[in-house]
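Everything below concerns the one structure shown next.
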Amino acid sequence: MKSREPSDPFDLPWNVPTTSEDIQALRENQPRLGENWWEQLQIAVDQLPGVEEALRKRPTFAGCAPFEL
């Protein structure tokens, strides 16, 4: 599928009040994946304390009957 619409991720709706400075700040601070993508991912994870502990404590379906349709 092809679109004739611009694919600019900051093509905001008309009713959102933004300035050119807002759009420039968004463009400058958007995530960029490059050779150091793992480091960027680790920085993002470090901003969410307790994620690893929450993953360990999440409920599982161990011991439950298999799901059937």
Side-chain angles (χ1 to χ4, degrees):
M1 175 180 359
K2 293 187 178 186
S3 173
R4 294 174 194 241
E5 299 290 325
S7 61
D8 184 5
F10 300 116
D11 186 21
L12 301 173
W14 292 105
N15 61 352
V16 176
T18 58
T19 64
S20 58
E21 291 84 12
D22 295 333
I23 294 182
Q24 183 63 31
L26 288 169
R27 286 190 174 127
E28 288 173 1
N29 294 295
Q30 68 182 346
R32 292 175 178 81
L33 295 178
E35 292 182 22
N36 63 345
W37 63 271
W38 184 257
E39 182 179 317
Q40 292 175 0
L41 180 61
Q42 189 61 49
I43 291 170
V45 169
D46 291 343
Q47 293 175 0
L48 300 168
V51 170
E52 291 179 23
E53 183 178 344
L55 284 173
R56 282 192 300 274
K57 291 182 176 181
R58 72 182 185 270
T60 64
F61 297 103
C64 295
F67 177 77
E68 294 182 19
L69 288 176

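Quick caveat: nothing in here was measured; it's all calculated off a predicted structure. For the single chain, residues carry numbers from 1 onward in sequence order.
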Original post:
Among E21, E28, R27, whose side-chain hydrogen bond (donor to acceptor under 3.5 Å, both in side chains) with Q24 holds?
Top reply: E28
Original post:
Closest approach of T18 and D22, non-hydrogen atoms and distance?
Top reply: CA-OD2, 3.4 Å
Original post:
Partners of Q42 by side chain to side chain contact (heavy atoms under 4.5 Å, CB included), sequence neighbours excluded?
Top reply: V45, D46
**OP:** Scan residues 55-69 for pairs that pass side-chain hydrogen bond (donor to acceptor under 3.5 Å, both in side chains), counting only residues two or more places apart or in two chains.
**Re:** E53-K57
